[in-house]
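What follows is one structure encoded as structure tokens, with my remarks underneath.
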Amino acid sequence: MCLSCKACATECPSSVDIATYKAEFSYQYQKTHGSSIRSTLFAYVGKINQLAQPIRGLQNLFFETVLTRSILNKSLGIAKKRALPKLEKSLYKTLKNNVLTQYGKSVYLYLDEFSNYNETQIGKDAVSLLEGLGYNVKFLRPTESGRTYISKGFLDQAKACADRNVELYSDIISENIPLLGIEPSAIYTFTDEYPKLCSSPEKAKELAQFCYPIETFLAKELKKGILKEDQFHTETKEIKIHTHCYQKALGQPSDTFNVLNLPKNYTVRLLNTGCCGMAGSFGYEKEHYEISMKVGEERLFPSIRNTPQDVIIAANGTSCRHQIKDGTQRESHHPISILNAALIKKTAR
């Protein structure tokens, strides 16, 4: 029943990290007893989405058709009330590396397995925002962060991801050229799990110092006085923020709050919410669906329902946005997309 929200690691007086214990137990258990087809599919979802790119339209149709979806639900034990994410054309295929100029700070954008295949518009918004603010944006080919492997106890595969990414980024990422992540669960894997998993822990620790969620990076730049409110429009809007569990446990929700306050006439509030209840694949599993929704009903769903329709809901986690949609029928938006829409003279791709 552990949601792997990581709150225990920071809130427990003894700092007992149950999420890590869960991953290790699952790994040891599966070495003896094997893993279910469902767990394997969820663990390998990034690789599956990559291989399914040529037939993504067919996969989406399979997920949406009543008969085939019913077969999927029954055979794998997926909750029938849960909407499945659509597979989109790879974000990497739609982006183009620009030649770095001598002006502006350079950053690398990490194309994780969620942003690259399922919600690609957010990735486009991230590039548009960063370039509009004057940053030189670069990116390597997309790689799996290993998050799905860790959540299902596939630690050998997660270790391979850690080794691959540390090797890829160690020589190009530094204090002057950081690595920025769109999806919190993916980029926090670099900072939290890689030093524990990687074959070269010291290299992983060094890299981790310069890996940030985009909002954290922008909050640092704001604190330095590099970002200004006059870079954004003066329209009046109200925003309420639900932040990802990992940001609550490992980062600072105030980073998202501060950057969304950049537009002069934005009124921004942090919702007093805990875990959304989706917890990656947890909320998709038939036997966990009801508890997943009960977790959402504890604080998140009532807060959203009590929010007027003209108020923008911000949520930086992909699972959080899906849970909000399934639980309240409200659309929520990544903070970067909201900020990009407010940017004056943003660079279009």
Side-chain angles (χ1 to χ4, degrees), residues 3 5 42 45 56 59-70 72-73 76-88 114-115 117-125 182-185 236-245 247-248 253 256-257 260 266-342:
L3 299 174
C5 69
F42 278 138
V45 68
R56 59 183 181 278
Q59 176 174 305
N60 291 334
L61 183 64
F62 183 86
F63 285 172
E64 294 169 359
T65 303
V66 175
L67 178 60
T68 52
R69 174 63 196 272
S70 177
L72 184 70
N73 292 343
L76 295 179
I78 295 176
K80 62 181 179 180
K81 294 181 180 179
R82 184 65 74 187
L84 294 176
K86 287 187 176 182
L87 179 60
E88 300 178 3
F114 311 104
S115 306
Y117 297 118
N118 299 122
E119 294 179 303
T120 57
Q121 184 57 49
I122 298 172
K124 295 173 187 176
D125 291 341
I182 298 168
E183 167 57 33
S185 66
T236 299
K237 293 185 183 293
E238 187 175 352
I239 302 169
K240 289 191 176 180
I241 306 169
H242 166 73
T243 54
H244 194 281
C245 284
Q247 187 178 11
K248 293 183 180 82
T256 302
F257 175 83
L260 283 178
Y266 274 17
T267 300
V268 185
R269 294 182 179 88
L270 279 166
L271 291 170
N272 181 21
T273 54
C275 181
C276 73
M278 180 68 92
S281 64
F282 182 90
Y284 287 95
E285 297 164 353
K286 183 179 179 180
E287 69 274 22
H288 293 143
Y289 175 78
E290 291 299 330
I291 190 67
S292 168
M293 299 308 282
K294 286 180 180 179
V295 172
E297 287 290 356
E298 186 179 36
R299 279 192 282 174
L300 176 60
F301 294 166
S303 296
I304 301 295
R305 293 192 191 106
N306 291 331
T307 298
Q309 290 293 324
D310 60 344
V311 175
I312 300 170
I313 304 298
N316 53 5
T318 182
S319 291
C320 302
R321 291 189 295 275
H322 291 175
Q323 178 78 323
I324 289 170
K325 177 67 173 178
D326 286 350
T328 69
Q329 289 71 58
R330 285 286 296 270
E331 296 288 345
S332 54
H333 308 275
H334 197 291
I336 292 308
S337 295
I338 296 170
L339 207 57
N340 181 56

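One is the number of the first residue; the rest follow in order along the sequence. The shown structure was predicted, so the numbers you read here are calculated from the model rather than taken from an experiment.
Smallest separation of non-hydrogen atoms from Phe114 and Ser185: CE1-OG, 3.9 Å. Shortest non-hydrogen contact noted between Tyr284 and Pro85 is OH-CD, 3.5 Å. Taking each heavy atom of Pro302 and Gly296 in turn, the nearest pair found is CD-O, 3.9 Å.
A salt bridge links Lys86 with Glu64: at least one charged nitrogen is closer than 4.0 Å to a carboxylate oxygen. Using a 4.0 Å cut-off between a side-chain N of Lys or Arg and a carboxylate O of Asp or Glu, Glu331 and Arg321 do not qualify as a salt bridge.
The aromatic rings of His288 and Phe282 sit parallel to each other, their planes meeting at less than 30°, with 60° as the upper class boundary.
Of the possible donor and acceptor atoms, none in the side chain of Thr65 sits under 3.5 Å from a partner among the backbone N and O of Phe62. Using modelled atom types, one side-chain atom of Arg330 and one backbone atom of Thr307 make a donor-acceptor pair closer than 3.5 Å. In this structure, the side chain of Ser70 does not engage the main chain of Val66 through any donor-acceptor pair within 3.5 Å. Using modelled atom types, one side-chain atom of Ser292 and one backbone atom of Gly277 make a donor-acceptor pair closer than 3.5 Å. With hydrogens and angles disregarded, a donor-acceptor distance shorter than 3.5 Å links the side chain of Glu88 to the backbone of Thr120.
Neither side chain, Gln329 nor Arg305, offers a donor N or O lying under 3.5 Å from an acceptor on the other. When only modelled atom types and interatomic distance are considered, Arg69 and Asn73 share a side-chain donor-acceptor pair under 3.5 Å.
More than 12 heavy atoms of other residues, nucleotides or ligands lie within 6.0 Å of NZ in Lys325, so this atom counts as buried by the packing criterion.
No option in Gln247, His244, His334, His333 other than Gln247 meets the side chain to side chain donor-acceptor pair (under 3.5 Å) test with Asn316.
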